[in-house]
Amino acid sequence: MSSLGAIVRGNLRNNAVHFALASVGVIVGIAAFAFFLALGAGVRQVVLGKIFPLDQLEVIAKSMTLDVGPVSLGLASDVLDEAAAQQLRGVPGVRGVYPKMKLTAPAIGLGGKEIIGNDIRTELIVDGVDPALVQGELSGADQFRDVPEPAAAPTACADDSACPKDMYCGKPYQGGPGKVCRDYVPVIASPHMLEIYNGSLRRAYNLPRLNPDFLVGVTLEMRVGASMVQAAEKDELLYERLKLVGFSDKAVPLGVTLPLSQVARYNVHFGTPEAATRYHSIIIKIESKDQVAAVAKAIEELGFEVTDGGAEQAGFLISVFVLVFSLLSTIIVGIAAVNIMHVFFMLVYERQREIGIMRAVGARRSDIQRIILGEAACVGLLAGAIGVGLAYAASRVFDYVSAQHLPDFPYKPETYFAFSVDLVALALGFAAGFCVLGAWLPARRAARMDPAAVLTGR
C-alpha cells in the first residue's frame with residue numbers, strides 16, 4: 001500500500017500542470033457550493049433562530065369570521081381558558097404550557113427623556129405572560145416576576161429615598177393627591193422591536209442608536225385606561241411605573257410584556273372577574289425541534305389553531321434558495337468531472353507503457369485502478385480545499401462590504417455565513433467523489449490493458 005501511495009505522489013508531481021488545469025472547474029464549483037451552503041446556513045440561523053424561534057408554538061382558539069364590507073365579524077369565541085391549557089399539557093412532545101393575555105383596556109406610555117433627551121408619549125400595546133416562560137433567560141439583577149397587589153394604605157413619601165429598595169415614590173395606583181411608595185412593574189421587550197428602531201425608526205426621526213445592554217433598568221410611566229384615541233379612553237385611570245428587565249423573543253413583537261397576573265388585574269378592573277381566566281393565546285414549548293410538526297398536528301386535531309409567524313415560509317424559501325444554487329454548483333462540478341475524465345484518458349494513453357511494465361512485474365488490475373482513482377481523489381481533495389478557502393475568503397469580503405456600505409436594518413448580522421465542520425467535510429467529499437467518478441472509466445480502461453500487447457506495441 002505504501003508503494004502505491006508513492007506511485008500516486010510521483011504521478012501527481014509529474015503531471016501537476018495537467019491536474020491543475022483539470023481541477024479549475026472543480027475549484028470554482030466547490031467554491032460556489034460551499035459559499036451558498038454557508039450562506040443558507042447563516043441566514044437560517046438568523047431567521048429561524050432569532051426572528052422565528054423554532055422551539056415554541058403559539059396556540060389560539062379556532063376562529064370563524066364573517067366579512068361585512070371592511071368589517072370582519074367574529075362568529076366564535078377567540079379566547080382560551082385553563083381547560084384548554086390542561087388539554088395542551090397532555091399533547092406528546094410538549095414540555096411547557098404558558099398562557100398569554102392581552103390588555104383589553106387602552107394604555108399610554110410616557111418616558112425616554114434620560115435616553116434620547118425628550119419624553120415620548122405613545123399608545124402602548126401590552127400583553128402578559130407567565131414569568132416561568134422566561135425563567136433563566138434574563139441576566140439582569142431585576143427579575144421578571146409577579147407584583148404584589150397595591151397596598152390598601154401605602155406609605156406616603158416625598159421622593160424615592162423615602163421608599164424601600166426596589167420601590168419608587170409616585171402617584172397612587174388609582175390616582176389622587178400626594179405620592180406613595182410603589183413597586184415597579186417589571187417588563188420585557190422584544191429584540192425585534194429594538195432591531196426595527198435601530199434599523200429604521202431612528203433614522204426617520206434623527207434619534208440615537210440604542211444599546212440593549214444599557215437599556216435594562218430604564219423606567220417608563222404607564223397610564224392604564226388612557227388613550228390618544230378619545231373614544232377609547234376610560235373614565236378612570238390606573239398609574240404604574242414600568243421597569244425594563246430584559247429582552248426576550250417571548251415578548252410581544254411591538255409593545256411591552258408584563259407578568260400575566262398584572263395584566264389580569266387590569267382586565268378585571270376594567271371588565272369582569274371572568275377576565276382573569278380568559279387567555280388570548282397559549283405558548284407551547286416543544287421538547288425537540290424535530291417534534292414541531294407532530295405537535296402542531298396534534299394541537300390542530302384538538303380543535304385549536306397554531307399561529308403561523310412565518311417561520312415555515314421563511315424556512316421553505318431559504319431551502320429553495322440553497323437548493324437552486326447548490327444544483328448550479330453541482331452542474332459546474334459535474335462538467336469539471338467530465339474534464340477530469342478526458343485528462344485521465346489522455347494520461348492513461350501517455351502512460352500505457354508504464355502501466356504495461358507495472359503489470360508485467362506483478363501489479364494486479366486492482367492496483368492499477370487504485371493508482372488512477374487515488375490520483376483523482378487527491379486532485380479532488382486539493383481542489384475542494386482550495387474551493388472552500390475561496391468560499392471563505394469571498395464570505396469575509398461579503399461581510400466586510402455589508403458592514404461598511406449597507407445601512408443598518410433589523411437583525412443585520414455580523415456575518416451572513418456559517419462554515420461548520422460538517423459543511424467543509426461535505427464539500428471535500430463532494431469534490432473527491434466527483435473526481436473519482438470522472439476517473440472511473442479511465443481507471444477501468446487502464447486496468448484492462450494487456451501488458452504483452454502494450455510492451456510489444458501490438
Side-chain angles (χ1 to χ4, degrees), residues 41-60 88 93-103 124-140 142-145 186-201 210-218 220 242-260 262-263 279-293 295-296 299 306-315 317-318 408-416 418:
V43 172
R44 184 181 292 273
Q45 285 181 3
V46 175
V47 174
L48 301 184
K50 296 182 179 179
I51 303 177
F52 304 111
L54 288 182
D55 62 344
Q56 65 184 47
L57 297 172
E58 186 165 2
V59 180
I60 59 174
L88 295 172
V94 172
R95 66 181 176 90
V97 174
Y98 307 92
K100 290 184 70 176
M101 182 182 295
K102 297 183 184 299
L103 177 63
L124 284 182
I125 298 173
V126 181
D127 74 356
V129 299
D130 186 342
L133 179 63
V134 296
Q135 186 175 9
E137 184 178 323
L138 307 177
S139 57
D142 294 305
Q143 295 299 311
F144 189 67
R145 55 178 176 77
V187 59
I188 56 175
S190 170
H192 182 67
M193 185 168 63
L194 182 63
E195 289 290 342
I196 290 177
Y197 169 86
N198 280 337
S200 302
L201 292 180
L210 298 181
N211 182 341
D213 295 333
F214 290 92
L215 289 178
V216 174
V218 168
L220 173 74
L242 311 180
K243 177 184 282 191
L244 181 65
V245 297
F247 291 89
S248 170
D249 57 28
K250 314 300 189 305
V252 62
L254 293 174
V256 292
T257 296
L258 280 58
L260 181 69
Q262 195 72 14
V263 175
Y279 308 135
H280 295 93
S281 65
I282 295 177
I283 298 295
I284 303 295
K285 278 198 173 183
I286 313 298
E287 291 180 354
S288 169
K289 292 181 180 181
D290 297 333
Q291 297 177 287
V292 170
V295 171
I299 290 172
V306 176
T307 59
D308 182 9
E312 186 174 351
Q313 290 89 338
L317 290 176
I318 294 171
D408 290 339
F409 55 83
Y411 292 100
K412 181 180 178 181
E414 292 183 3
T415 178
Y416 297 84

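In this chain, numbering begins with 1 at the start of the sequence shown.
What you find for Ala418 and Gly42 is that their closest heavy atoms are CB-N, 3.8 Å. Pro253 approaches His192 most closely through the heavy-atom pair CB-CD2, 4.1 Å. Smallest separation of non-hydrogen atoms from Ala189 and Ala251: C-CB, 3.6 Å. Considering all non-hydrogen atoms of both residues, Met101 and Tyr279 come closest at CE-CD2, 4.0 Å. Across all non-hydrogen atoms, the minimal contact from Met193 to Gly255 is CE-O, 3.3 Å.
A distance of 15.0 Å separates OH of Tyr197 from CG of Leu254, quoted to the nearest 0.5 Å. Taking CD of Glu58 as the start and CD1 of Ile299 as the end, the distance is 11.0 Å to the nearest 0.5 Å. Here the CD1-CG distance, from Ile286 to Leu57, works out to 4.5 Å after rounding to the nearest 0.5 Å. The line from CZ of Phe144 to CG of Leu244 is 10.5 Å long, rounded to the nearest 0.5 Å. The line from OG of Ser248 to CD1 of Ile188 is 4.5 Å long, rounded to the nearest 0.5 Å. For the atom pair Leu103 CG and Ile125 CD1, the distance stands at 11.0 Å (nearest 0.5 Å).
Legend: residues meeting side chain to side chain donor-acceptor pair (under 3.5 Å) with Gln135, ordered by chain and number and at least two apart, are absent. Not a single side chain to side chain donor-acceptor pair (under 3.5 Å) links Asp130 to another residue, sequence neighbours left out. In this view, Leu133 and Tyr98, Val129, Lys250, Ile283, Lys285 satisfy the side chain to side chain contact (heavy atoms under 4.5 Å, CB included) rule, not counting sequence neighbours.
Using a cut-off of 4.0 Å between Lys/Arg side-chain N and Asp/Glu carboxylate O, Asp127 and Lys100 are scored as salt-bridged.
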side-chain contact (heavy atoms from CB on, under 4.5 Å) for Ile282 and Val97? Distances and angles first, verdict last. CA-CA 7 Å; Ile282 295 177; Val97 174; 3.4 Å; yes
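The backbone N or O of Lys102 sits less than 3.5 Å from a side-chain atom of His280, completing a donor-acceptor pair. Side-chain N or O atoms of Thr257 include one that pairs as donor or acceptor with a backbone N or O of Val252 at under 3.5 Å.
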